[in-house]
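Below: the structure, in structure tokens.
Chain A is the first sequence line, chain B the second, and so forth, proteins listed ahead of strands; every chain is numbered from 1.
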Amino acid sequence: MKDKRGRTSPYDPKTTEARWYEYWESKGFFRADRLSGHPPHTIMMPPPNVTGALHMGHALQDTVQDALTRMRRMQGREALWMPGKDHAGIATQNVVERALKEEEKKSRFDLGREAFIEKVWEWVDEYGDRILQQKRRLGDSCDWGRERFTMDPGYVKAVQTVFVKLYEAGLIYRGHYLVNWCPKDRTALSDEEVDNVEHDGFLWHIRYPLADGSGHITVATTRPETMLGDVAVAVNPKDERYTDLVNKQVELPLTGRNIPVIADHYVQQEFGTGVLKITPGHDKNDFEVGKRHKLEIFSVIAEDGTLTEECGPYAGIDRFEARERIVKDLGAGGLLEKIEPYKSTVPVSQRSKAIVEPLLSRQWFVKMKPLAEPAITAVRDGTIKFYPRRWENEYFRWLEGIRDWCISRQLWWGHRIPVWYYTDSRGEIDEARGFVVSIKQPKSGMVQEEDVLDTWFSSWLFPFATLGWPEEDPETQADLGYFHPTDVLVSGYDILFFWIARMIMASLYFTGQVPYRDIFITGMIKDKLGRWMSKSLGNGIDPLELIEEYGADAVRFYLTILCAQGQDIRLDPAGFQMGRNFSNKIWNAFNVFGRFIEPGKEYRRTRSIEELELVERWMLTRLAECIESVEGALVRYRLNEAANLLYTTFRSDYCDWYLELVKPQSGSTMSEESIALAIEIYEQLIQLLHPFMPFITEELWHRLRPRAEGEACMVSRWPVASDERDTVGAEQFTFLQEAVTSIRHLRSRYGVAPGKEIEVTLSVSEEQLGLTEVMIAHTEYFTKLARVERLHVGVDLPKPPQSTSTVVGSAVVYVQGMVDPAEERERLTKDLSQKEDFLFRVQKKLQNEKFISRAPAKVVELERQKEADAKAEIKKLRDSLAAWSET
RNA sequence: GGGUCCUUAGCUCAGUUGGUUAGAGCGCUACGUUGACAUCGUAGAGGUCGAUGGUUCGAAUCCAUUAGGACCCA
């Protein structure tokens, strides 16, 4: 650990991380076994997409999950962190299609369904594990032996069983509805997969001539290309401008078709001209209007986004090109009254970014209301709790307004819907004969539904499908019974509806249990400027590069520090230096006593707390308090608080004060007893840090003491806050700290050379009499920390000649040998006025009768104490100042 | 249009159920290589907690209004 100059070299994560990960895994520490006899603690990892690569969101969420898992494991729970990966229908299909095009210049249609799926499997086999390998670099302590893929045979069975059961319960139905259609991916989408994006468009005012030749009516629309599918124009029944025209016929331009003018309250009079074209085949609202008025439905846009055969001269043209042509043709016919700029929202596919087309098609749906109700109750009655609470509102809002879920996708990669159709003599599907819902082919000759299921239709089963459901053998039953319900789900709010809420519905319906009791919602990671990280912006930060540069522990620790109660995180990669610096500090601190450790020797403290040094008693007290606070922070999922507490305790308490005082003078060595306590405290601190920084703590834990084969920090027993405390000693030490700080302050102000030794007089007040002895006994502390050569302590000592002073509570610290009256007066005057301001505020409070009568006694007592302290300090300051005025 | 969140030191952010003389990291200033650590230490500068009004003995924290920003839903 030393370089040529005899200096300790910085901590190098590369030499430890891979080694310890292999060690843990080879010892089976990640495995969770229900026969252990320990109470379980389960976390389900949100399964990453097989196509994915590790990004900062994973790094953050895994850090949280791993910290919770490791802490619980150390606390004696049988901690299962269940890993898996998601087949991610569209995403994966797209990736493989792209690869196919690049490598073989082929489309999936060139290969055909079977061969294409074969290709996808090859791809999954080759690259699917990449992200899970990357997660190992972070130190994730998941039970890899249980890893599940949402396309595993067992998982497939779970998905199909769920489909069949929901169908049999009347919760799945098939029907022709207007669905969100993505012309790019050529599949239906659920409402959740569609974003409404505002864009700058136009409002076209188009004249529809009246069939009787008595003029025209002007329609305002944002989508002229769909006019070919118009079946009516509509006005508001209250709109007097158009009352006469209702029930008349108008001629649909460019088609010659006659369509009626209808009255419907859906029409807003203020919008455009107050006349809407009704196109039930391509607009959800129009669809409803059409239903009310029993109008026909025309589809004029095909699945690929081009206009259909029925569109005459426009057939086969893409919808946006058709828009331009139609507008042009209308203009040429004198039917275009005006065009005005107009901001409207367009539905966009979250994945492909293509504009979604409402299209009439035959799809499969889940009736959600019956599933949603118990899920609402579970959160309402507190069975499930959100951290932070505010996400409950969002959850309720969605579930209370829930709409049926379109689960069929016109893709090839995914769970094929377990529905079978009869065929006719030519082998063609004969829909007229209906269908059979079944996992197995019900009859030879029957063919399976071509559509696959929405990816989320498999992910929503994750908490129980990964634990063996629906197998009924006793082994898996027992596992499910033991690990489910899980304890906490850690996830981002981006998949609150897609996944979190749906899991609750599925678990409740199929297992009768909630999937988890707590939901910890993390913030999302943004870039330095607050923008989402995305490939197209190129502003992503690769966690693996960060690990390479700073080490996994540093990355994890800094992410934990940032992870405050669901707030989004603006990430500045330079910030990870903090984590690295802290790692290094931990590493070097060990060296202070570590270099005196005799190999193979076991150091155990024999002294009781009464026999310890003042600083040791103080440190033990601080440690116990720290453990309590960390504990409290962790149960409330305040990981950032826990990390902060440990940071301060380690850095300022342990390193800056404790180690500075117990480390030996140059040339001498540390006593065995002293080493033993340093080890004891250090050991607990690194155990507490282990959940956040597993690698470095494991390494140091082994250097600390001789360890038996198979022991490890990660499976060591979590420290318990000890009763071995000395609050009186701790207070005395705190006073000493303040005195030292003020001496250092004076040294600094007077520019005293660091090596120069000084003489100090400490004048305490009568009430502090007890301190005198303690301070004298610890002159050495002053020497070590502030280079005080001689220390005089007494009650109300006079100001030594040629000295400067500062006030610490009701005590005065005089530092001899440095004097500058002007400087002194200035500083003391400033301190005095500050203190007087403070006293004024406190007294104002105390003079307020209402405060005395209404505030809790404890608070009043505290203020009284403040008043007394401030008065004592002011007195000392005045005295000092007076002494200066005399000279 | 409905809803949620954010606004605290130059920057990025913490701040339990209202009671601290409002904190951290980075940055900045001065000094410093004393046998753990310059990926460090010591000392320091820097904030009327977006604005206004209210509730309260007491407000960064609760309520209302308002300004700016982010997001979700329609």
Side-chain angles (χ1 to χ4, degrees), chain A residues 1-2 5-11 191-192 195-196 345 388 390-391 393-394 397-398 401 493-494 496-497 523-524 526 528 530-532 550-551 554 558 561-572 574-595 632-633 636 638 640-641 643-644 647-648 651 655-656 659-660 663-668 740-755 784-787 834-835 837-839 841-842 844-856 858-860 862-863 866 869-870:
Chain A
M1 296 218 290
K2 289 192 174 184
R5 294 173 304 171
R7 281 197 167 149
T8 310
S9 41
Y11 170 61
D191 293 338
E192 286 69 34
D195 288 329
N196 291 305
T345 53
R390 68 181 131 94
W391 290 106
N393 300 332
E394 196 86 337
R397 188 182 52 68
W398 186 70
Y493 55 78
D494 54 334
L496 176 59
F497 311 139
M524 307 299 294
K526 311 280 186 67
K528 208 173 161 179
R531 302 171 303 181
W532 291 86
Y550 302 107
Y558 185 56
I561 287 283
L562 292 178
C563 167
Q565 288 303 290
Q567 277 323 311
D568 285 350
I569 294 168
R570 284 193 190 198
L571 197 67
D572 179 357
F576 287 96
Q577 280 174 16
M578 183 235 194
R580 182 201 54 185
N581 295 354
F582 187 42
S583 301
N584 201 49
K585 190 77 181 175
I586 295 170
W587 185 252
N588 284 309
F590 169 72
N591 208 236
V592 174
F593 55 89
R595 65 204 151 116
R636 290 173 300 136
R638 309 238 170 186
N640 61 322
E641 269 180 39
N644 254 314
Y647 184 84
T648 327
R651 252 191 126 99
C655 293
D656 294 346
L659 282 185
E660 284 301 328
K663 78 179 179 191
Q665 297 294 92
S666 95
S668 48
V740 164
T741 305
S742 63
I743 296 166
R744 285 168 169 172
H745 177 72
L746 290 173
R747 289 189 69 120
S748 170
R749 266 195 92 98
Y750 279 90
V752 178
K784 281 184 168 171
L785 297 169
R787 286 252 152 182
Q834 245 174 25
K835 217 21 104 175
D837 284 351
F838 175 64
L839 180 65
R841 287 198 300 274
V842 172
K844 205 174 133 191
K845 248 190 214 176
L846 286 166
Q847 279 155 14
N848 185 341
E849 276 171 33
K850 284 183 177 169
F851 173 71
I852 305 292
S853 58
R854 297 197 191 176
K858 239 167 99 185
V859 175
V860 177
L862 203 72
E863 290 302 311
K866 281 186 198 167
D869 291 350

Should [N] form a Watson-Crick or G-U wobble pair with both distances under 3.5 Å, which nucleotide is its partner?
N	answer
B:C62	B:G54
B:U21	none
B:U48	none
B:G1	B:C73
B:G27	none
B:A9	none
B:U33	none

[N] and [M]: how far apart are their [atom1] atoms, nearest whole angstrom?
N	M	atom1	result
B:G10	B:U55	P	33 Å
B:G18	B:U29	C1'	37 Å
B:G69	B:G27	P	31 Å
B:U4	B:G46	C1'	34 Å
B:G68	B:A30	P	41 Å
B:A38	B:C6	C1'	38 Å
B:U8	B:A22	C1'	8 Å
B:C28	B:C11	C1'	11 Å

Just call it for [X]: base, sugar-phosphate, or nothing, with non-hydrogen atoms closer than 4.0 Å on any strand.
X	answer
A:Arg651	sugar-phosphate
A:Ser583	nothing
A:Ala589	base
A:Arg638	sugar-phosphate
A:Asp656	sugar-phosphate
A:Asn848	sugar-phosphate

In this structure, how many angstroms lie between the [atom2] atom of [N] and the [atom1] atom of [X], rounded?
X	N	atom1	atom2	result
A:Gln567	B:U7	CD	P	7 Å
A:Lys528	B:G27	NZ	P	12 Å
A:Met578	B:A38	CE	P	19 Å
A:Glu849	B:U56	CD	P	18 Å
A:Arg570	B:C13	CZ	P	5 Å
A:Arg397	B:C72	CZ	C1'	6 Å
A:Lys858	B:U17	NZ	C1'	14 Å
A:Phe497	B:C72	CZ	C1'	7 Å

Taking every heavy atom of A:Met578 against every heavy atom of A:Tyr558, the minimum-distance pair comes out as SD-CD1, 4.0 Å
Minimal non-hydrogen separation, A:Lys528 against A:Asp572, with atom names:
CE-OD2, 3.6 Å
Taking donor-acceptor contacts at under 3.5 Å, does the side chain of [X] reach the base of [N]?
X	N	result
A:Glu641	B:A24	no
A:Arg636	B:U16	yes
A:Lys835	B:U21	yes

Are any of [X]'s side-chain N or O atoms less than 4.0 Å away from OP1 or OP2 of [N]?
X	N	result
A:Asn581	B:C37	no
A:Arg744	B:G41	no
A:His745	B:U42	no
A:Lys866	B:U21	yes
A:Arg787	B:U42	no
A:Lys663	B:A36	yes
A:Lys845	B:G19	no

Within a strict 4.5 Å, meaning less than it, do heavy atoms of the [X] and [Y] side chains meet?
X	Y	answer
A:Lys663	A:Phe593	no
A:Leu496	A:Trp391	yes
A:Phe497	A:Arg397	yes
A:Lys835	A:Asp837	no

Heavy atoms from C-beta onward define the side chain here; which of [options] lies closest to that of [X]?
X	options	value
A:Thr345	B:U39, B:C71, B:A74	B:A74
A:Pro856	B:A43, B:A36, B:G19	B:G19
A:Arg595	B:U39, B:A36, B:A14	B:A36

Whether the side chain of [X] engages the backbone of [Y] through a donor-acceptor N/O pair (distance < 3.5 Å, no angle test) should be reported.
X	Y	result
A:Arg747	A:Ala753	yes
A:Asp568	A:Gly523	no
A:Ser583	A:Gly579	yes

Nearest-nucleotide comparison on RNA chain B, the residue closer to the 5′ end among A:Ala564 and A:Ile852
A:Ala564
For A:Arg841 and for A:Ile569, find the nucleotide of RNA chain B with the closest heavy atom, then tell me which residue's nucleotide is more 5'.
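Closest to the 5' end, via its nearest nucleotide, is A:Ile569.
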